[in-house]
Amino acid sequence: VFNEITKKAVIHGIENPRQIEPLLVDAYMARRALDYLVGFNISPILWTKLPGSKSAGRVQSVALKLITEREHEIELFNPEEFWTLTLKFGDDNKNTITASISQLNGDKIEKFTFRDKNSIEKAIKEIKEKKFQITDISSKVVKRNPSGPFTTSTLQQVASSRLGFGASRTMQIAQKLYQGVEIDGDTVGLITYMRTDGTNLSADAVNDFRNFIKSEYGNEYLPASANNYSGKKAKNAQEAHEAIRPTDVTFTHNELSLSADHKKLYKLIWDRFVASQMPQPEINVNSIKAKVGDNILETSLSSISFDGFYKVMPPGKNSGYVDYDLESLKIGLNKEISKVTKSQHFTKPPSRYSEASLVKELEKRGIGRPSTYQEIITNIQERGYVRSESKRLYATKIANLISDRLFKSFNRVMDYGFTAEMEKSLDEVAEGKEDWKKLLESFYKDFTEAKENASQTMERNAPINTDVD
């Protein structure tokens, strides 16, 4: 047994063998049987009733249901109009403050306070020519925790949002990084095993990384003790392997003799891991209130006083941090509004899932195993149930039909809660708390009845006449 693919761990595993664990074998048998029962029994019914359908699966079909339900929500969505006000006051460009109005004539401003152009114009007339007096300035220091090192699912999510890589592409590149490159005649793996749901870390690796941080960035960027992420496990995580990290922290992406995409993903993994072992940045947050009569403006200005892990992973362009001369602001100071901007908005429907957000939703609901998400997403696309367009997943017509028919005939199998509970039951088999055959018997009794009903009652798609002889 070894939980990290390092020379030390593998040798230790070989020197300390144990017997095969029967309970883990039972859990595997139960999982395999469940997947076969669902896939091999439902798929033939779909082929008969819904020509063009390819297959069904215990987790695959539930993931597909998430996408088709989101499609229905978007179709039924009715947008609502609302307007917002942005106000600027200040002395020059550097010291201009952008604020929003929180109270008008004593009434609190809500999202739908201004529903049309007339109401927003009336509000502008009310405040435009007035000077606001600063009534309150409060400051506090906020710290930001670094994100933990990558697991398979978080690597797929961040590679999608930051680099635009699909889950399949991410895993192909990671596989190559894991297999390694030739250095001085030896093949050296650049990252640890990339199929993992564990957040635990090798003690030796953490020690190496801490020494690197100390020598590269100095003592102020080294926390008193190592940051530990082993308690932050995903639902259904098996934690067979440690988190994804570079095997050698001194090896940078610039030294990599592979493609630009390989360099980008390696840098992402390197940055994330080094940042995970660095201290929190310290952010000065200054909340400001200004008023005239019963009209109140509010805003906040945030600036970085200590960059911490931002040293290797700088905040994004839209982070909102500013370099503002707060000395120029004092309670009692009068400020004239220099600009008023009105904006029209419409409420938006929920976004279609991207590969990254679908992975996140599956993980949050405890559906399936984190290490299988990429395979699920690939399957539903290859079967023609889902198409990816502009990094969003669109359900095809047949996907909507399949989800609808399966939910009507196999509502238990298609239930999110039941699927998540089944994962817990499989874990209990592995822990010896539940017998795997009894678990299967309980499932099969209801499933058989649903299968027989579906064979008789599932709606069949009628043939369509064509001009082809």
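Throughout, numbering of the chain's residues begins at 1 and tracks the sequence.
Nearest heavy-atom pair, I213 versus V274, reported as atom, atom and distance to 0.1 Å: CD1-O, 3.9 Å. The two residues P149 and I244 come nearest to each other via the heavy atoms CB-O, 4.2 Å. Here the shortest heavy-atom pairing between L439 and S425 reads CD1-CB, 3.8 Å.
Among the candidates K360, Q156, Q381, the single residue satisfying the side-chain hydrogen bond (donor to acceptor under 3.5 Å, both in side chains) test with E355 is Q381.
The residues R115 and E81 are annotated as not salt-bridged, no charged nitrogen and carboxylate oxygen being separated by less than 4.0 angstrom. Using a 4.0 Å cut-off between charged nitrogen and carboxylate oxygen, R58 and E423 count as a salt-bridge pair. Of the charged side-chain nitrogens involved, none lies within less than 4.0 Å of a carboxylate oxygen, so that D35 and R31 do not count as a salt-bridged pair. Between D415 and R365 there is no salt bridge, since no side-chain N of the basic residue sits under 4.0 Å from a carboxylate O of the acidic one. Using a cut-off of 4.0 Å between Lys/Arg side-chain N and Asp/Glu carboxylate O, K364 and E361 are scored as salt-bridged. E389 and R392 are not joined by a salt bridge, as no carboxylate oxygen comes within less than 4.0 angstrom of a charged side-chain nitrogen.
Side-chain atoms of H241 and T192 form no donor-acceptor pair, as typed in the model, at a separation below 3.5 Å. A side-chain N or O of E363 and one of S153 form a donor-acceptor pair less than 3.5 Å apart. Under 3.5 Å, the side chains of Q179 and Q175 contain a donor-acceptor pair of N or O atoms. A donor and an acceptor atom, one from each side chain of N200 and E242, are nowhere located under 3.5 Å apart. Q374 and T378 form a side-chain donor-acceptor contact under 3.5 Å, judged by distance and modelled atom types alone.
Residues N211 and V249 fail the side-chain proximity criterion, which asks for heavy atoms closer than 4.5 Å. At least one side-chain heavy atom of L268 sits less than 4.5 Å from a side-chain heavy atom of F150. Inter-residue side-chain proximity for T154 and R272 is flagged as met; some heavy-atom pair is nearer than 4.5 Å. The closest side-chain heavy-atom distance from H72 to N400 is below 4.5 Å. Side-chain contact between Y416 and E69 is present, with at least one heavy-atom pair separated by less than 4.5 Å. Between K214 and N219 there is a side-chain heavy-atom pair separated by less than 4.5 Å. Counting only heavy atoms from C-beta outward, the side chains of T372 and V59 never approach each other to under 4.5 Å. Residues V285 and S302 have side chains in contact (heavy-atom distance under 4.5 Å, counting atoms from C-beta outward).
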Pair Y266-H253, ring pair (Phe, Tyr, Trp, His ring centres under 6.0 Å): steps then yes or no: CA-CA 6 Å; Y266 180 77; H253 70 285; 7.7 Å; no
Chi angles and distances behind the ring pair (Phe, Tyr, Trp, His ring centres under 6.0 Å) call for Y221, Y310: CA-CA 10 Å; Y221 290 97; Y310 284 161; over 10 Å; no
Verdict with supporting geometry, T457 and K408, side-chain contact (heavy atoms from CB on, under 4.5 Å): CA-CA 10 Å; T457 62; K408 286 175 181 173; over 6 Å; no
Evaluation steps, side-chain contact (heavy atoms from CB on, under 4.5 Å), between V386 and Y353: CA-CA 11 Å; V386 172; Y353 288 109; over 6 Å; no
Residue pair E255, T252: steps toward the side-chain hydrogen bond (donor to acceptor under 3.5 Å, both in side chains) verdict: CA-CA 6 Å; E255 300 171 76; T252 67; 3.3 Å; yes
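Taking CD of E71 as the reference point, atom CZ of R352 lies at 4.0 Å (rounded to 0.5 Å).
Taking a 6.0 Å sphere around CD of E449, one finds it holds 12 or fewer heavy atoms contributed by other residues, nucleotides or ligands. Residue H345 qualifies as enclosed at atom NE2: its count of foreign heavy atoms under 6.0 Å is above 12. When the shell of 6.0 Å around CZ of F212 is examined, it contains more than 12 heavy atoms from other residues, nucleotides or ligands. Within 6.0 Å of atom CD in E375, 12 or fewer heavy atoms from other residues, nucleotides or ligands are found, so the atom counts as exposed in its surroundings. Counting heavy-atom neighbours within 6.0 Å of Y217 OH, excluding the residue itself, gives a total above 12.
Of the possible donor and acceptor atoms, one in the side chain of T299 sits under 3.5 Å from a partner among the backbone N and O of T98. Without hydrogens or angle criteria, T152 side chain to M194 main chain gives a donor-acceptor distance under 3.5 Å. Side chain of S53 to backbone of L46: a donor-acceptor contact under 3.5 angstrom is found. In this structure, T396 contributes its side chain and G384 its backbone to a donor-acceptor pair below 3.5 Å. Although no hydrogens or angles enter the test, the distance criterion places a donor-acceptor pair under 3.5 Å between the side chain of N227 and the main chain of S276.
Note on ring orientation: taking the six-membered ring where Trp is involved, the planes of F447 and F443 are parallel (angle under 30°, cut-offs 30° and 60°).
Residues forming a ring pair (Phe, Tyr, Trp, His ring centres under 6.0 Å) with Y36 (at least two apart in sequence, or on another chain): F40.
In this structure, K54 is not positioned above the aromatic face of Y385 in the sense of NZ or CZ being under 6.0 Å from the six-membered ring centre and within 45° of the axis.
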